[in-house]
Colleague: 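Before anything else, here's the structure in question.
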Amino acid sequence: MPDPTPPTPSTPPTPSAPKARADAARNREAVLAAADRLFAEHESPGTVTMADIAAAAGVGKATLFRGFGDRTGLIRALHETRLAPIHQAAEEGAPPLGPTTPPHERVPALLDALLCFKLDNRHLSLALEGTGNGSPYAADHYAHWHTTLRTALARIPDLPTPDFTAHALLAATRADLVEHLAGTEGVPREQLRAQLAEFTARVLGPAVRGD
């Protein structure tokens with residue numbers, strides 16, 4: 001007599017942890033690449049939505065929000081990925097960016113590195129500076145670079161107000177200013193770098209022995 005009990009459906013195998021991690025890593029790279037491309041293609045980064053990025057990356061919006069939280073989190077992740085080599089060099093690298101570099105060498109090198117990064121990543125930098133609740137000074141990355149510069153400037157004995165000086169020097173590398181000079185006015189890259197170096201040297205004044 002045949003057994004009347006219907007067979008129990010088999011449970012589909014769940015993906016292994018390594019495969020799940022690999023899928024997540026692929027999705028992350030696809031999202032970052034899509035966001036980078038869309039920010040570059042649109043005149044105003046604010047017009048790029050999370051739905052646009054999800055569609056361009058070929059992932060669901062839930063995947064996007066699960067991986068990055070929100071639009072600001074996505075922009076920060078993309079920015080941090082691009083800027084990571086400069087961050088590492090500034091925090092623990094050798095001269096001229098590293099912390100053991102004399103301030104009259106380190107400060108111009110840090111500003112030049114930031115300027116070059118923003119020239120190479122103008123669309124991303126504009127998008128990031130728009131994440132600070134309407135103010136670029138409220139964005140996380142600004143506090144990091146201000147602290148780094150202020151610490152270096154404080155080592156110059158005769159330089160007053162290192163806190164304000166760090167703000168003033170960083171203002172010369174703001175993404176909207178870089179976009180205006182390089183994009184609207186067409187100032188060549190090397191000319192911008194030279195002008196920033198000259199401005200920084202005037203602010204810092206001459207180096208003294210032991211500086």
Colleague: Any side-chain heavy atom of Phe199 within less than 4.5 Å of one from Leu111?
Modeller: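 Answer no - side chains too far apart.
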Colleague: Is Leu153 close to Asp163 at the side-chain level, that is, under 4.5 Å between some pair of heavy atoms?
Modeller: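 No. Closest side-chain heavy atoms not under 4.5 Å.
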Colleague: Got a second to check how far Leu83's CG is from Asn121's CG, nearest 0.5 Å?
Modeller: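 Between Leu83 CG and Asn121 CG, I get 8.5 Å after rounding to 0.5 Å.
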Colleague: Check for me, please, whether Leu177 and Leu192 land in the same ILVMFWY cluster - side-chain distances under 4.5 Å, paths through other members count.
Modeller: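 Yes, Leu177 and Leu192 fall within the same hydrophobic cluster.
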Colleague: Glu179 and side-chain hydrogen bond (donor to acceptor under 3.5 Å, both in side chains): which single residue from Arg174, Arg122, His123 fits?
Modeller: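 For Glu179, the side-chain hydrogen bond (donor to acceptor under 3.5 Å, both in side chains) check succeeds only for Arg122.
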Colleague: Work out which heavy atom in Arg106 is nearest to a heavy atom in Pro99; give both atom names and the distance.
Modeller: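 The answer is CZ-CA, 3.6 Å.
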Colleague: Quick one, Pro108 and Leu204 - any side-chain contact, counting heavy atoms below 4.5 Å?
Modeller: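 Yes, at least one pair of side-chain atoms sits under 4.5 Å.
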Colleague: Answer whether the closest heavy-atom distance between the side chains of Pro162 and Arg155 falls below 4.5 Å.
Modeller: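 Counting from C-beta outward, Pro162 and Arg155 never come under 4.5 Å.
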Colleague: What's the separation between atom CG in Asp52 and atom OG1 in Thr47, rounded to the nearest 0.5 Å?
Modeller: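 Here the rounded value is 7.5 Å.
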Colleague: Calculate, to the nearest 0.5 Å, the distance between atoms CG and OG1 belonging to Leu110 and Thr101 respectively.
Modeller: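 That separation rounds to 8.0 Å.
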Colleague: Measure the acute angle between the ring planes of Trp145 and His87, then classify it against the limits of 30° and 60° as parallel, tilted or perpendicular.
Modeller: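 Geometry flag for His87 against Trp145: parallel rings.
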Colleague: Side chains of Leu119 and Leu115, heavy atoms from C-beta outward: is any pair under 4.5 Å?
Modeller: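 The answer is yes, as the side chains (C-beta and beyond) meet within the 4.5 Å cut-off.
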Colleague: Nearest 0.5 Å, please: how far is CG in Asp70 from CG in Leu64?
Modeller: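 One finds 10.0 Å between CG of Leu64 and CG of Asp70.
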Colleague: Residues in ring pair (Phe, Tyr, Trp, His ring centres under 6.0 Å) with His167, at least two apart?
Modeller: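 Testing His167 for ring pair (Phe, Tyr, Trp, His ring centres under 6.0 Å), a comparison that skips the adjacent residues, returns Tyr142, His146.
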Colleague: Output the distance between atom OG (Ser125) and atom CD1 (Ile75), rounded to the nearest 0.5 Å.
Modeller: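 If I round to the nearest 0.5 Å, the distance is 11.0 Å.
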Colleague: Measure across Ala57 and Ala30 and return the closest heavy-atom pair with its distance rounded to 0.1 Å.
Modeller: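 Nearest heavy atoms, Ala57 then Ala30: CB-O, 3.7 Å.
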Colleague: Any non-hydrogen side-chain atom of Arg82 less than 4.5 Å from a side-chain atom of Asp36?
Modeller: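 Arg82 vs Asp36: side chains touch.
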Colleague: Taking 4.0 angstrom as the limit, do Glu29 and Arg26 come out as a salt bridge?
Modeller: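 The answer is no: the pair does not qualify as a salt bridge.
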Colleague: How long is the gap from CG on Leu149 to CG on Leu169, to the nearest 0.5 Å?
Modeller: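 Here the interatomic distance stands at 6.5 Å.
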Colleague: Any chance CD of Gln191 has more than 12 other-residue heavy atoms, nucleotides or ligands included, within less than 6.0 Å?
Modeller: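 Enclosed.
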